[in-house]
There are 2 protein chains.
Amino acid sequence: MDMDLPLGVEDRLRAALPDLTRAERQVATHILRQYPVAALGSITALARAAEVSTPTVVRLCQKLGYRGYPDFQSALRGEVGAMLESPLVKHDRWAGGAPDTHILNRFAAAVVANLQATLSQINHGDFDAVANLLADPSRRIFAMGGRITHAHADYLVSLMKVVRPEVTLLSDMSNTWPPALLDMKPGDVLVAFDIRRYENSVLQLVELSVEQGAEVVVITDRWVSPAAAHARHTLTAHIEAPSAWDSTVSILVLVETLLASVQSRTWAETEGRMKRMETLYDRSRFFRRYR
Amino acid sequence: MDMDLPLGVEDRLRAALPDLTRAERQVATHILRQYPVAALGSITALARAAEVSTPTVVRLCQKLGYRGYPDFQSALRGEVGAMLESPLVKHDRWAGGAPDTHILNRFAAAVVANLQATLSQINHGDFDAVANLLADPSRRIFAMGGRITHAHADYLVSLMKVVRPEVTLLSDMSNTWPPALLDMKPGDVLVAFDIRRYENSVLQLVELSVEQGAEVVVITDRWVSPAAAHARHTLTAHIEAPSAWDSTVSILVLVETLLASVQSRTWAETEGRMKRMETLYDRSRFFRRYR
DNA sequence: GGATTTCCGAAATGATTGTAACAGAAAATG
DNA sequence: CATTTTCTGTTACAATCATTTCGGAAATCC
């Protein structure tokens with residue numbers, strides 16, 4: 001006898017799914033298909049919608065560990081309540097109407113919207129192609145960003161260095177370019193970040209790199225940097241935010257997902273490398289612990 | 001005879017509020033107070049909770065333009081359903097539903113979950129206090145990060161410099177600290193980023209800064225950096241991700257929201273500063289446009 | 001203050017709900 | 001193929017629900 005009490009309704013439904021009979025599964029999938037609205041009404045409505053009889057629904061509820069339909073439903077209602085209280089969905093209700101939600105919530109809502117817009121628009125093939133480029137050990141990787149996106153290039157490089165060798169951050173000061181460009185061979189990859197207001201330095205570097213035969217990936221906003229004209233691949237992100245600036249969160253998501261993607265592509269070689277890196281960090285940390 | 005058909009349940013409740021009788025208003029406010037869960041159950045439950053009789057509830061529903069309680073409730077359920085269709089829940093859905101989704105979607109789902117978890121746990125008072133610290137022109141701001149979070153400190157500093165003067169990025173190389181620490185006066189602010197694996201350098205700098213009398217803000221993950229022990233304020237973020245390492249997206253959201261918050265607090269002084277900054281950038285860009 | 005109107009809940013009532021019991025159908029087992 | 005087991009819907013019934021009715025309480029108006 002195993003009891004799995006502390007689970008949510010949705011989880012229980014999913015978990016129980018394989019052990020259910022045909023009609024019961026019919027109900028369960030119907031609920032999941034339009035969760036949770038489907039199960040917010042009366043048992044008869046649910047049964048009719050799922051095209052089974054009401055006792056089937058009752059039996060399902062009991063199989064899930066509830067005492068009956070009302071019990072099941074009140075559990076569900078509790079969760080729905082919690083969902084709706086959750087900061088992101090939280091409507092600007094509460095006395096006095098809209099403008100009193102905390103900026104954290106407003107900002108987060110914008111971020112989520114951006115993310116959704118970005119993802120719905122990204123071409124998976126393009127994305128995978130970029131990941132493949134970055135995962136190719138025979139290519140060197142260079143990255144640069146503009147005034148605002150410099151930090152993202154930095155982030156990409158710091159973490160990518162853990163996964164593979166030959167990753168270089170190009171400063172946005174153009175006097176550091178020549179040595180790097182000197183090293184750039186055909187087939188090498190430049191990842192350039194450029195969001196509005198687009199910067200000339202990025203455009204110039206991209207042009208120079210293309211002349212060297214590099215593959216250029218441009219990560220930009222949805223109004224598209226002019227540098228993208230020279231790029232092999234372009235990833236665009238939505239960056240609107242309720243503030244004087246833009247939000248670069250979706251760009252960070254792209255970067256992190258690229259990292260995850262590259263890392264999973266090269267796991268065989270990466271694993272050892274990461275382990276070694278960890279130990280080295282550990283030892284250097286130990287070394288520095290003088291205090 | 002005025003008919004206001006095309007309104008939402010919540011709006012109708014609010015709109016009708018003044019024209020209601022005592023008992024009816026009692027019901028309406030009770031529903032609004034815990035909207036919409038309060039009205040998802042049976043009429044008796046609602047009536048008891050609002051401490052009125054069931055006929056009162058019925059009369060209220062009819063006054064709002066519904067045919068009765070069931071009609072009212074089904075309208076409400078429709079809206080709840082629409083609410084729950086909002087972005088993040090959908091993400092949850094396609095993330096949990098189909099295991100073969102692209103890594104972009106899986107990653108984004110994790111990101112949204114992190115965000116939600118982070119926000120539900122952040123103390124608004126704390127957050128605002130930090131924003132106030134950063135907005136105070138009489139304090140100098142310093143920021144530093146660890147191996148991974150260095151980029152976030154960089155980002156914070158780059159953008160904060162636009163909003164206000166006296167913002168400095170501390171490298172994680174400890175030989176650059178002494179001059180900065182020399183400048184640090186009591187009341188100055190250090191923003192330190194530290195996520196697992198926590199780094200000794202951050203801890204050390206925090207300790208030194210506290211000795212100098214600085215106010216320390218630590219931004220860390222939910223397992224909390226040891227540096228937080230010395231901090232005046234701590235903001236924690238969720239960073240789990242479906243990859244070999246963590247996702248710092250929620251940290252970036254915190255940073256950007258802090259920026260937006262500070263910026264709106266100091267808009268009066270900031271506006272001119274930002275304008276000047278823009279023109280300077282424009283002119284320098286123009287200057288560099290030699291090609 | 002008396003009369004009128006408005007408001008509210010107790011009681012009554014019909015409708016609906018959720019569950020238990022049962023029986024036929026389907027599948028599995030020998 | 002017979003038999004058992006499992007599954008599912010029909011029926012029946014108690015419980016609850018939503019609504020109408022109605023009488024009295026409270027407020028309002030001459």
Side-chain angles (χ1 to χ4, degrees), chain A residues 1-2 9 12-13 15-33 36-80, chain B residues 1-2 9 12-13 15-80:
Chain A
M1 254 315 181
D2 56 339
V9 173
R12 288 202 206 185
L13 277 167
L17 219 47
D19 303 332
L20 296 180
T21 68
R22 196 252 321 151
E24 286 165 352
R25 190 158 38 235
Q26 214 165 306
V27 181
T29 54
H30 175 83
I31 297 177
L32 288 173
R33 179 146 26 227
V37 224
L40 248 40
S42 74
I43 195 175
T44 35
L46 172 56
R48 185 161 36 227
E51 298 180 324
V52 297
S53 67
T54 49
T56 304
V57 178
V58 176
R59 283 189 286 264
L60 171 64
C61 293
Q62 291 167 344
K63 230 176 209 175
L64 293 177
Y66 302 97
R67 287 164 29 104
Y69 186 72
D71 187 26
F72 163 81
Q73 200 179 42
S74 86
L76 185 72
R77 268 202 286 271
E79 289 185 23
V80 168
Chain B
M1 246 325 172
D2 57 340
V9 173
R12 290 204 206 183
L13 277 167
L17 220 45
D19 302 333
L20 296 179
T21 68
R22 196 253 319 153
E24 287 165 352
R25 189 158 39 236
Q26 215 164 307
V27 181
T29 54
H30 175 83
I31 296 177
L32 288 172
R33 177 145 31 224
Q34 18 186 343
Y35 186 84
V37 226
L40 249 39
S42 75
I43 194 177
T44 36
L46 173 55
R48 185 159 36 224
E51 298 180 327
V52 297
S53 68
T54 49
T56 303
V57 179
V58 176
R59 282 189 287 262
L60 172 63
C61 294
Q62 291 168 344
K63 230 177 210 174
L64 293 176
Y66 302 97
R67 287 164 29 103
Y69 186 72
D71 187 27
F72 163 81
Q73 199 179 41
S74 86
L76 184 72
R77 269 201 286 270
E79 289 185 22
V80 169

Determine whether [X] and [Y] make a side-chain contact, defined as any pair of heavy atoms from C-beta on separated by less than 4.5 Å.
{"X": "L64(B)", "Y": "L13(B)", "value": "yes"}
{"X": "Y66(A)", "Y": "V9(A)", "value": "yes"}
{"X": "V57(B)", "Y": "F72(B)", "value": "no"}
{"X": "H30(B)", "Y": "L46(B)", "value": "yes"}

Inset, instruction - Starting from the first five and the last five pairs of the helix from dG1(C)-dC30(D) to dG30(C)-dC1(D), work out the angle between the resulting helix axes, to 10 degrees. - result: 20°
Legend entry - Atom CD of Q62(B): over 12 foreign heavy atoms under 6.0 Å: yes
Inset, instruction - Report, as yes or no, whether the 6.0 Å neighbourhood of atom CD on E79(A) holds more than 12 heavy atoms from other residues, nucleotides or ligands. - result: yes
Legend entry - Where A39(B) and Y69(B) come nearest, the two heavy atoms and their spacing: O-OH, 3.5 Å
Inset, instruction - Check every nucleotide of DNA chain C for an atom under 4.0 Å from a heavy-atom of chain B, then give the first and the last such nucleotide from 5' to 3'. - result: dC7(C) to dA10(C)
Inset, instruction - Give me the first and last nucleotide of DNA chain D, going 5' to 3', that has any atom under 4.0 Å from a heavy atom of chain B. - result: dC17(D) to dT20(D)
Inset, instruction - Scan residues 50-63 of chain A against DNA chain C and write down, sorted by residue number, each residue with any heavy atom closer than 4.0 Å; if none is found, say none. - result: T54(A), P55(A), V58(A), Q62(A)
Inset, instruction - Could you identify which residues of residues 16-26 of chain B place a heavy atom less than 4.0 Å from some atom of DNA chain C, listed by residue number, or say none? - result: T21(B), R22(B), A23(B)
Legend entry - Neighbours of DNA chain D within residues 71-79 of chain B, by heavy-atom distance under 4.0 Å: none
